[in-house]
Engineer: 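Pasting in a structure now, in structure tokens, and then I'll have a few things to ask.
What's counted below: heavy atoms across the whole structure, side chains too, no hydrogens, waters or symmetry copies. All chains are named by letter (A, B, ...) in the order of the sequence lines, taking the proteins before the strands, and each is independently numbered beginning at 1.
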There are 2 protein chains.
Amino acid sequence: MGVLDIPQNYDASRYDRPSVTVDVVVLSLVDDDLKVLLIRRKGAPYAGMWAIPGGFVQIDESLEAAAARELAEETGVTDVYIEQLYTFGDPGRDPRTRVITVAYFALVPADALQVARPGDDAAAAQWFSMFDLPPLAFDHHEILTYALTRLRYKLEYTMVGFQLLPDEFTLSELQRAYETILGEALDKRNFRRKILSAAIIEETGHKRQEGEGRPAMLYRYRENAVAEVKTRRLFP
Amino acid sequence: MGVLDIPQNYDASRYDRPSVTVDVVVLSLVDDDLKVLLIRRKGAPYAGMWAIPGGFVQIDESLEAAAARELAEETGVTDVYIEQLYTFGDPGRDPRTRVITVAYFALVPADALQVARPGDDAAAAQWFSMFDLPPLAFDHHEILTYALTRLRYKLEYTMVGFQLLPDEFTLSELQRAYETILGEALDKRNFRRKILSAAIIEETGHKRQEGEGRPAMLYRYRENAVAEVKTRRLFP
DNA sequence: TAAATAGTGTCTCTTAGACAATATTAT
DNA sequence: ATAATATTGTCTAAGAGACACTATTTA
């Protein structure tokens, strides 16, 4: 039974095979809101509805490479945080044929997007608030719900939140990012104490002044910090 | 580009499609050791080596159903804890053709296995200690490593450990299960305090006496407890 | 000087972790 | 009585959470 016991001269093409795609949930923080990149569908099914960008896995391409390729096609961005989310494969999730999709999520700092050239079909791509989504094609609402749950969860015990900020940021910006994603207010002093005691960021030495108010110290993410911090939850 | 923008009259068979399988990491606690069920491969590639049981996803079958089916075929067991682990899809992980596998892991109480009828190819199936594995086919060593990491991780903040015990168990048995999987000794008083304060188990009212020593109170898992406990780590 | 934002310290309560003696059974 | 296993409580240290005022800048 199973792939492991197939006679060695089997012909794989004899079997009905599902299509395999990757879908990439591209998240970014813009205007203190968590945004997701969606694509407007042109054709049936679900014509006119919005969908998570994705595409077929090429036959000689790893899943991670396929996800990175889709991300680059849609946003022009490379070298950002991307992780496998879950594989969705219910029969009937695509009315045309059996499609199994390996969902990924990517965290893209807003400043990286300004640099990025728009993808080929940029006209059809648009950012939506994760907290105010349009009707979505396929099971994509379920995928986004899953992505938000996972992001919140990871935020509690890893440093993944930094991936959504520019290289240098203030503690207030970092706190706003956490508050936006978690959907709750955090105490300023407790937040700072925890972040600083975790030793995952360091001062850059210079300050940012824009608009009114006292200038804020800029911090940067310590590259080596990730592994050290994964052991303890930041917000239990 | 991608699956979402395919013209509606496209023919899916034009595309090269990978094969999709599910592999099920079946874990059980036997003789105070964490065991995994492996299958001896008869044919090439990797003939004679051991492999995680798995098989093709049928065209009209959900991934979960495929995993449950494979589990039932190998062990005769149904209605046990099973969860999606990760999807492995590197080109070349199977030398014959492109195979993407959605890995699941299942937790089977040892007493459920006694009841279970052996699968058709039971002769080729065997339990191995997760801490003393034979050479494995494909990338299956990586999959098992991933499964152990995930199990240990889940043990820290969910009640998943109960899935490996019979319906009624003593606190000493539960502690031994945790120690076996985590690979470290736990303090008896602290363990009991934490487990009992989490209110996830309840006394059955009767005791077990086998062999020497004072009889131990039997506990059972409170069915409703899962959701309540997921919020806080048990062993930070 | 008013408005806006940044930055800082203490107290209390809960929890984690270290640690040892008594209770109940079979042999 | 002895061996084996089960059961129970306290102290200490660290961390979480609640809470309010001062500092620095621009307009």
Engineer: What is the distance, rounded to the nearest whole Å, between atom CG of A:Leu186 and atom P of C:dA6?
Structural biologist: 15 Å
Engineer: Expressed in angstrom and rounded to an integer, what is the separation of B:Gln175 atom CD from D:dT7 atom C1'?
Structural biologist: 12 Å
Engineer: Using atom CD of A:Glu173 as one end and atom C1' of C:dT5 as the other, report the distance to the nearest whole Å.
Structural biologist: 12 Å
Engineer: To the nearest Å, how far apart are A:Arg176 CZ and C:dA6 C1'?
Structural biologist: 11 Å
Engineer: For B:Tyr104, check ring pair (Phe, Tyr, Trp, His ring centres under 6.0 Å) against everything at least two apart and list the hits.
Structural biologist: none
Engineer: Please give, in whole Å, the distance from C:dA6 C1' to A:Glu203 CD?
Structural biologist: 13 Å
Engineer: By side-chain hydrogen bond (donor to acceptor under 3.5 Å, both in side chains), which residues pair with A:Glu142, not counting sequence neighbours?
Structural biologist: none
Engineer: Please report the distance, rounded to the nearest Å, between CD1 in A:Ile195 and C1' in C:dT8.
Structural biologist: 17 Å
Engineer: With rounding to the nearest 0.5 Å, note down the distance linking CD1 in B:Ile52 to CG in B:Leu38.
Structural biologist: 7.0 Å
Engineer: Quickly work out the A:Glu210 CD to D:dT24 C1' distance and round it to whole Å.
Structural biologist: 16 Å
Engineer: Using the side-chain contact (heavy atoms from CB on, under 4.5 Å) definition, which of the options A:Arg152, A:Lys154, A:Arg176 pairs with A:Ile181?
Structural biologist: A:Arg152
Engineer: To the closest 0.5 Å, what do you measure between CD1 (A:Ile39) and CE (A:Met49)?
Structural biologist: 15.0 Å
Engineer: Protein within reach of the bases, or only the backbone? For nucleotides 19-27 of chain C, mark each nucleotide 5' to 3' as B, S or -, using heavy atoms under 4.0 Å.
Structural biologist: BB--BBBS-
Engineer: Side chains of A:Met217 and A:His206: does their closest heavy-atom pair fall under 4.5 Å?
Structural biologist: no
Engineer: Can you tell me how far P of C:dG7 sits from CG of A:Leu196, to the nearest Å?
Structural biologist: 10 Å
